[in-house]
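Computed from a predicted model, the values in this text were never measured in an experiment. No hydrogens, no waters, no symmetry mates; every other heavy atom, side chains included, goes into these values.
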Amino acid sequence: MYLLFFLHILLDCFLVVHSCPSLCACSYGTTGTADLRLVQCSDPRISAVPINVPADTVKLRLEKTLITRVPRAAFFNLTELLFLWLTYNSIASVHPSSFVNLRALRELRLDGNYLTAFPWEGLRDMPRLQTLGLHNNRLSSLPSHAALFLPNITYLDLSSNRLTALSAELLDLWFPLLGQQERSVQRRILGLHDNPWLCDCQISLMVSLSMSLGSPVVLMDQLLTCRRSIGQLGMVLTKAEFPQCMRPSVQPAATRIMSLLGSNVILRCDATGYPTPTLTWVKTSNYAGCCRQDVAGQDEDLPRNLESSLQGSPRVGVRWSLISLDDLAFKDAGEYRCQARNMAGISEAPVKLTVVGVTQLSRRPKKKSQKIPLKSSSDNKKSNRTTLSLPPLKNYISRNVTPSTQKTTQTFPATVSKLVSIYKSSKTNLKGPKILSKNTMIKTILEKSDNLTSSISNAKV
């Protein structure tokens, strides 16, 4: 009984792998010594993607059917699929996860359908894809994020759609700036004709660059149709008048910034150009003009792109960008460059940041107070010394004499001399045979000084 059950499972697997879907034709083609399975479904009665396509299929063609959508994971079991043609059907929507598990796919064609949008993020499931055909659909826009998923595409046909503009990100991908190109530039073939392009400098510059010697892009048809607005009659691109592209100009808010250790600072720059430039921040050097010398252990790989920038474009041709540096450390000091670029060129401006601060508090030495020794005389005994600190006379006068009194003392120098003599006589009395107590001595000085101060304040100038 177990043997029959096992044979039943093997039979089911054999039918799944080697059976052919209904209304489809299956055949084998020979490439070298390998036999490749080909499946073609062209019957107009087919209204959904077949779910029982053999797992060893290498090329699948679903053409001229009534299929209106491609569902999630529609080809999940076709891990060996290299070519997928879904041409001239009635497909209006493609799920972003339709192409999961197609890691070997090299060619995808969706020509002649009713697509108004394409899930560009779904290209991540096809890392080896090189050919993408979207000819004769209803695509009205090509979003900027599509450039993230098109680096490996060498053949892209977008002709006969409703496209009006190309994003700067796509143009940067297809036409890298001089000095930023890789040694071996990957050439691409683009089909952009038969679209109602709006006249701007980007389209004009793209056409001229594609016709230059050694261009990384080859256009299938260089005679693009350009319209000034949707609904107007078109003209051949080479005969139209276009606004000139303008190389970007960068203006930072400040070229030199000095900020305290532990504070927050914002670096900002503005750029103008046509088409609207994109802005990036790059740190190019460390510790420019910084007060700190011991920077060991703070090395980093430079130049370094700063990803956490904020950008905005209030109108066409203008863009601003800023980065926020919080809780500044000495390693944040250095030179930052704001780079702006568009199809017409690239420009940059430096911003030098200096971080200042105190890492260790310095202590001032305490002033030594005046010491006055007190001596006691006794027969055949060592004298006992006691020190008493007396404030300097000028300090006492500055604390106890009012401004009016100070003016009077300048007029009566004899009075001031008397006060000085009292101070000196008090110090002399300390050396007599009879030692005055500390409190008695201070009280005597203060009484004589207060009497003299009172007489000074009552005097007339």
Quick one: does any side-chain atom of [X] pair with a main-chain N or O of [Y] as donor and acceptor, under 3.5 Å?
X: Asp221; Y: Leu223; answer: yes
X: Asn113; Y: Ile91; answer: yes
X: Ser144; Y: Ser167; answer: no
X: Asp172; Y: Leu170; answer: no
X: Arg188; Y: Pro151; answer: yes
X: Asn137; Y: Leu115; answer: yes
X: Arg162; Y: Leu139; answer: no
X: Asp111; Y: Arg109; answer: no
X: Trp120; Y: Leu142; answer: no
X: Asn195; Y: His193; answer: yes

What is the minimum heavy-atom distance between [X] and [Y], and which atoms define it?
X: Ser159; Y: His135; value: OG-ND1, 2.9 Å
X: Arg247; Y: Ile346; value: NH2-O, 2.6 Å
X: Met206; Y: Leu166; value: SD-CD1, 3.5 Å
X: Pro216; Y: Trp174; value: CG-O, 3.3 Å
X: Ala340; Y: Val250; value: CB-CG2, 3.4 Å
X: Val207; Y: Gln222; value: CG1-O, 4.1 Å

Just how far is it from atom [atom1] of [X] to atom [atom2] of [Y], taken to the nearest 0.5 Å?
X: Ser210; Y: Leu192; atom1: OG; atom2: CG; result: 9.0 Å
X: Leu105; Y: Gln130; atom1: CG; atom2: CD; result: 10.5 Å
X: Leu108; Y: Leu86; atom1: CG; atom2: CG; result: 6.5 Å
X: Ser259; Y: Asn264; atom1: OG; atom2: CG; result: 8.0 Å
X: Arg337; Y: Lys352; atom1: CZ; atom2: NZ; result: 8.5 Å
X: Ser90; Y: Tyr114; atom1: OG; atom2: OH; result: 5.0 Å

Are [X] and [Y] side-chain neighbours, meaning at least one heavy-atom pair lies under 4.5 Å?
X: Leu328; Y: Val265; answer: yes
X: Thr255; Y: Val351; answer: no
X: Leu123; Y: Glu121; answer: no
X: Thr87; Y: Leu110; answer: no
X: Arg341; Y: Thr278; answer: yes
X: Asp270; Y: Val318; answer: no
X: Val94; Y: Phe99; answer: yes
X: Tyr336; Y: Leu325; answer: yes

| request: Not counting sequence neighbours, which residues clear side-chain hydrogen bond (donor to acceptor under 3.5 Å, both in side chains) with Ser321? List them please. | output: Trp281
| task | For the pair Leu129 and Ile153, evaluate side-chain contact (heavy atoms from CB on, under 4.5 Å) and give the outcome as yes or no after the intermediate values. | result | CA-CA 6 Å; Leu129 189 69; Ile153 304 297; 4.0 Å; yes
| message | side-chain contact (heavy atoms from CB on, under 4.5 Å), that's the test. Do Val49 and Ile67 meet it? Break it down for me. | response | CA-CA 7 Å; Val49 177; Ile67 298 175; 4.2 Å; yes
More than 12 heavy atoms of other residues, nucleotides or ligands under 6.0 Å from [atom1] of [X]: yes or no?
X: Arg69; atom1: CZ; result: no
X: Met246; atom1: CE; result: yes
X: Leu310; atom1: CG; result: yes
X: Lys64; atom1: NZ; result: no

| query | Any chance the side chains of Thr154 and Asn152 put a donor and an acceptor closer than 3.5 Å? | reply | no
| Distance-only polar pair, side chains of Tyr28 and Arg37, donor-acceptor under 3.5 Å | yes
| Given Arg304, Glu335, Gln339, the one that forms side chain to side chain contact (heavy atoms under 4.5 Å, CB included) with Val282 | Gln339
| task | Could you tell me which residues satisfy salt bridge (charged side-chain N to carboxylate O under 4.0 Å, His left out) with Asp194, sequence neighbours excluded, listed by chain and number? | result | none
| message | Please confirm whether the ring centroid of Trp85 lies under 6.0 Å from the ring centroid of Phe83. | response | no
| request: Could you walk me through whether Leu260 and Val356 pass the side-chain contact (heavy atoms from CB on, under 4.5 Å) test, one step at a time? | output: CA-CA 5 Å; Leu260 293 176; Val356 296; 3.8 Å; yes
| task | Report the C-alpha distance between Asn101 and Phe75 in whole Å, list the side-chain angles of each, state the deciding distance to 0.1 Å, and finish with yes or no for side-chain contact (heavy atoms from CB on, under 4.5 Å). | result | CA-CA 8 Å; Asn101 214 27; Phe75 315 98; over 6 Å; no
| task | Kindly determine whether Asp326 and Ser324 satisfy side chain to side chain donor-acceptor pair (under 3.5 Å), including the steps that lead there. | result | CA-CA 6 Å; Asp326 300 331; Ser324 177; 3.1 Å; yes
